[in-house]
Enquirer: 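Take a look at this one; I'll ask things after.
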Amino acid sequence: MVLPPVAVVAVFIGFPVGAAIAYTLGRAGGPNSTVALLAQRQHIVHHGVTTAAYREVLGNPHVRADLWATVWVTLVTIVVVVLLSWAIGLYLRLSDTRISRIVSALSVIPLFIPVVIASYAILTFYASQGFIKTLAYHLGWHSFPTLGYTLTAVAIGEIWVNVPFGVLMMSSGLNSVPNALIEAARDSGASLPRTVRSVLLPMNVIPTVIVATFTGIYVLGSFTVPYLTGPSAPNLMGVSMANFFSAFNQPQQAEVMAMIVFVLAVGIGTIYVWANVRASKRASITS
Amino acid sequence: MKARLLAITVAVLVFVPAAYSAVDAGGSMHAVKKANAGTTIVVYASGDVNVQNLWQNNIIPNFEKTNKGIYVKFVFSEHGTQDGTTLARIGAAVKGRHWPGIDLVDGGLVTTMALAGLDQPVSKATAPNIKRVNPDLLVPVKGAAIPYRGSSVVLAYDSNHVKSPPKTLQGLLDWIKANPGKFTYNSPNSGGSGYSFAETVVDSFLSPSVEKQMVNGYVPDLESNWKQGLDYLHSLNKYMFQGVYPNGNAAVLNLLAQGQLWMAPVWSDQSLSALKSGQLGSNIKLTQISNPSFTGGAAYLAVPKTAKHKKVLYKFVNYILSPTAQQMIVDVMSGFPAIDVKYMGDSIKQKFQDVSANTLRPTYSTKMGNDFKAQWQQTVP
């Protein structure tokens with residue numbers, strides 16, 4: 001029963017990943033022979049392995065700058081998305097008014113807008129002649145910074161794209177907390193902040209971890225938002241990788257960068273797995 | 001090179017039977033036409049619908065009208081989906097000394113064919129108009145393909161703000177420094193117009209012999225010569241629009257259209273189309289600079305070595321390179337004439353007088369260009 005899916009994963013994911021790892025370590029034979037035939041500036045060995053490609057990429061100060069930009073934008077996006085989606089989710093959980101329903105509808109709209117269109121809209125919105133700057137100018141703030149083509153614009157774009165998923169996860173997580181628990185806390189005299197801290201927060205850890213980790217992994221590998229709204233340099237790794245892969249015809253270096261992003265994503269993934277394991281352990285203890 | 005040969009060998013092994021059947025089909029078709037006392041030549045083209053429109057509704061009907069008895073059969077492959085099999089078919093036929101069923105090819109596969117030695121050398125062509133084409137364009141295809149239209153990078157400027165546009169590269173660089181924030185170019189790795197500006201500035205620091213070697217081949221040892229030019233480009237950062245190099249040719253056109261830029265390098269055909277459709281306002285004008293001019297690129301035609309009716313075929317090629325047909329390229333697809341504009345009619349001379357692109361200055365070879373983009377990204381922004 002399990003074998004066919006395992007086989008599919010092994011053939012279509014495991015094999016290419018294995019080949020890519022071999023290529024980054026300087027092996028150009030077998031499945032890598034075609035790419036190696038056309039690529040430029042490769043580090044190839046015929047026996048053993050070499051870390052020359054890794055040393056070249058990590059020794060490149062521009063790649064390191066891109067890497068730091070990626071890490072920073074990812075961290076900022078995670079923090080803002082978690083805070084925003086928590087706030088919206090909480091509001092929807094605790095208030096059932098017309099406005100809250102409108103807010104919940106609005107917060108998922110970005111889900112239905114293609115990322116290319118959204119990126120272009122964000123770029124125009126924050127451009128030097130865009131809405132925000134014009135508004136600030138009329139309000140008397142003449143030195144309002146132009147955010148188009150900056151890492152700030154990239155972070156805004158990433159937050160915009162990731163908030164709907166966060167809101168959906170958080171509100172479904174918060175909705176699964178039984179009303180009885182909240183009411184019991186309130187009846188025992190707990191204030192609303194205290195109820196949130198002691199009841200809702202601990203019962204909503206897993207959705208929070210999911211939102212944080214998935215957002216992080218998404219931003220690490222994102223391309224469209226930074227490509228359209230970001231600065232020329234430094235920019236996120238997704239853009240850099242695409243440049244090395246196609247424009248510079250250096251697929252080996254691009255794959256090395258993919259490995260670095262992969263390691264970062266694995267780090268984030270580990271947190272997710274750890275949180276899940278901890279939660280299921282707790283569940284088995286209490287039940 | 002090795003990869004191409006390998007690909008062709010594999011293709012030959014796979015497609016030899018197909019090629020034979022094609023030869024049969026072509027032969028019988030030819031027999032039918034012979035009965036009508038006419039000659040049929042077969043043209044294969046690939047590309048977007050504007051290419052199809054150029055051939056099917058313009059060049060071919062007009063040629064057939066003025067040359068009674070010559071029929072042109074047109075085979076079109078949208079977006080080049082048939083290029084692979086067509087290349088294999090021609091490769092097999094030429095190696096087997098058969099007629100490939102195609103006499104004239106227009107499309108991305110032409111340069112591959114030329115470098116793989118499947119084409120009739122241009123020196124054997126009997127079309128006098130070929131002499132009107134810039135001979136430099138024959139170098140990248142080893143003299144085995146005929147450039148028939150082109151597009152060049154030109155300088156677009158906002159005539160509301162710029163009354164007398166610069167005429168030389170030095171003039172442009174002075175203008176950029178005098179008008180900070182009103183010029184930029186797209187990052188070279190994201191589009192050809194920005195690439196051309198960067199290469200043109202760097203070329204102005206190179207000796208002609210070094211530049212020639214970079215156009216004609218891959219010589220990584222010479223790349224240290226780029227340093228001076230790239231450092232100069234880096235020093236221009238503070239004069240660029242927001243110090244940024246947007247991604248893609250279209251991004252720069254948008255900034256021009258919004259009035260945020262007053263001057264920028266753009267593709268001739270892309271900007272002429274945008275002017276026609278109103279995406280760019282009529283205040284945007286185009287011009288070409290000199291010393292050196294911006295680079296350009298050509299689309300090529302290929303005559304397979306085993307094509308039939310070569311005499312009639314070159315009559316057709318000659319027609320394509322005539323001012324009449326070149327005019328259609330300008331009108332229908334906002335392209336660039338492949339022949340020197342001095343041979344063109346007055347209206348074209350007028351249209352391109354500022355662009356004065358009597359030459360399409362060739363760009364670096366592909367691999368050289370890839371390294372150039374990489375070094376630009378490392379040093380300039």
Side-chain angles (χ1 to χ4, degrees), chain A residues 33-41 56-57 59-66 69 116 119-120 123-124 126-130 133 145-151 153-154 223-236 238-251 253-254, chain B residues 1-7 10 112 181-182 184-192 194-195 198 218-220 223 230 233-234 236-237 240-248 250-252 254-261 364-381:
Chain A
S33 51
T34 315
V35 66
L37 207 58
L38 301 169
Q40 279 165 259
R41 307 201 165 266
E56 187 206 316
V57 169
N60 183 332
H62 303 277
V63 174
R64 286 207 303 270
D66 289 345
V116 182
S119 309
Y120 188 69
L123 184 63
T124 321
Y126 295 97
S128 59
Q129 299 179 340
K133 200 163 174 182
T146 302
L147 298 177
Y149 300 118
T150 62
L151 286 175
V154 176
F223 172 77
T224 314
V225 172
Y227 182 77
L228 288 173
T229 64
S232 306
N235 208 330
L236 302 204
V239 178
S240 247
M241 269 187 271
N243 279 341
F244 273 86
F245 190 79
S246 53
F248 309 158
N249 192 23
Q250 300 182 9
Q253 283 78 352
Chain B
M1 200 54 216
K2 229 174 172 181
R4 280 188 181 133
L5 282 178
L6 188 75
V10 171
T112 315
K182 295 299 172 195
T184 195
Y185 54 100
N186 63 277
S187 57
N189 48 52
S190 69
Y195 173 89
Y218 183 50
V219 263
E223 285 174 10
L230 289 169
L233 284 172
H234 178 70
L236 291 178
N237 271 347
M240 292 292 137
F241 167 77
Q242 290 181 23
V244 88
Y245 304 91
N247 283 323
V252 167
N254 277 326
L255 290 172
L256 263 176
Q258 292 165 2
Q260 306 208 47
L261 296 181
Y364 299 149
S365 66
T366 314
K367 281 190 159 183
M368 229 45 223
N370 292 337
D371 281 357
F372 181 72
K373 291 174 206 164
Q375 292 213 13
W376 181 92
Q377 183 69 36
Q378 312 274 317
T379 38
V380 176

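Hydrogens, waters and symmetry mates play no part in the numbers below; they use all other heavy atoms, side chains included. Below, read A as the first sequence line, B as the second, and so on, with proteins coming before strands; counting in each chain starts at 1.
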Enquirer: With only heavy atoms counted, which part of Tyr195(B) is less than 4.5 Å from chain A, the side chain, the backbone, both or neither?
Expert: neither
Enquirer: Within the structure provided, determine whether Asn370(B) and Arg41(A) are in side-chain contact (heavy-atom separation under 4.5 Å).
Expert: no
Enquirer: Is it the backbone or the side chain of Pro246(B) that comes under 4.5 Å from a heavy atom of chain A, or both, or neither?
Expert: both
Enquirer: Does Gln377(B) reach the main-chain N or O of Ser232(A) with its side chain, forming a donor-acceptor pair under 3.5 Å?
Expert: yes
Enquirer: From Thr379(B) OG1 over to His62(A) NE2, what is the distance, rounded to the nearest 0.5 angstrom?
Expert: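 Interatomic distance, Thr379(B) OG1 to His62(A) NE2, rounded to 0.5 Å: 7.0 Å.
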Enquirer: Where does Phe372(B) contact chain A at under 4.5 Å (heavy atoms): side chain, backbone, both or neither?
Expert: neither
Enquirer: Please check if the side chain of Gln242(B) supplies one atom and the backbone of Tyr149(A) the other of a donor-acceptor pair under 3.5 Å.
Expert: no
Enquirer: Would you confirm whether Asn247(B), through its side chain, and Tyr227(A), through its main-chain N or O, come within 3.5 Å as a donor-acceptor pair?
Expert: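 Looks like yes, one N/O pair under 3.5 Å.
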Enquirer: Assess, by modelled atom type and distance only, whether the side chains of Ser128(A) and Gln260(B) contain a donor and an acceptor separated by less than 3.5 Å.
Expert: yes
Enquirer: At a 4.5 Å cut-off on heavy atoms, which part of Gln258(B) comes close to chain A: side chain, backbone, both, or neither?
Expert: both
Enquirer: Report, as yes or no, whether the 6.0 Å neighbourhood of atom OH on Tyr218(B) holds more than 12 heavy atoms from other residues, nucleotides or ligands.
Expert: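 Counting other residues, nucleotides and ligands, OH of Tyr218(B) exceeds 12 neighbours.
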Enquirer: Could you measure the distance from the CH2 atom of Trp376(B) to the CG atom of Asn243(A)? Nearest 0.5 Å is fine.
Expert: 9.5 Å
Enquirer: Given the rule in the side chain to side chain contact (heavy atoms under 4.5 Å, CB included) test, do Asn189(B) and Phe248(A) qualify, once you have shown the distances and angles that lead to the verdict?
Expert: CA-CA 8 Å; Asn189(B) 48 52; Phe248(A) 309 158; 3.8 Å; yes
Enquirer: Can you see which heavy atom on Gly259(B) is nearest to which on Gln129(A), and at what distance?
Expert: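 Looking at all heavy atoms of both residues, the shortest contact is O-NE2, 4.5 Å.
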Enquirer: Quick one: CZ on Phe244(A) to NZ on Lys373(B), what's the gap to the nearest 0.5 Å?
Expert: 13.0 Å
Enquirer: Can you find a heavy atom in the side chain of Gln378(B) that is under 4.5 Å from one in the side chain of Pro61(A)?
Expert: no
Enquirer: Checking Gln40(A) against chain B: side chain, backbone, both or neither under 4.5 Å from a heavy atom?
Expert: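 For Gln40(A), the side chain is the part near chain B, not the backbone.
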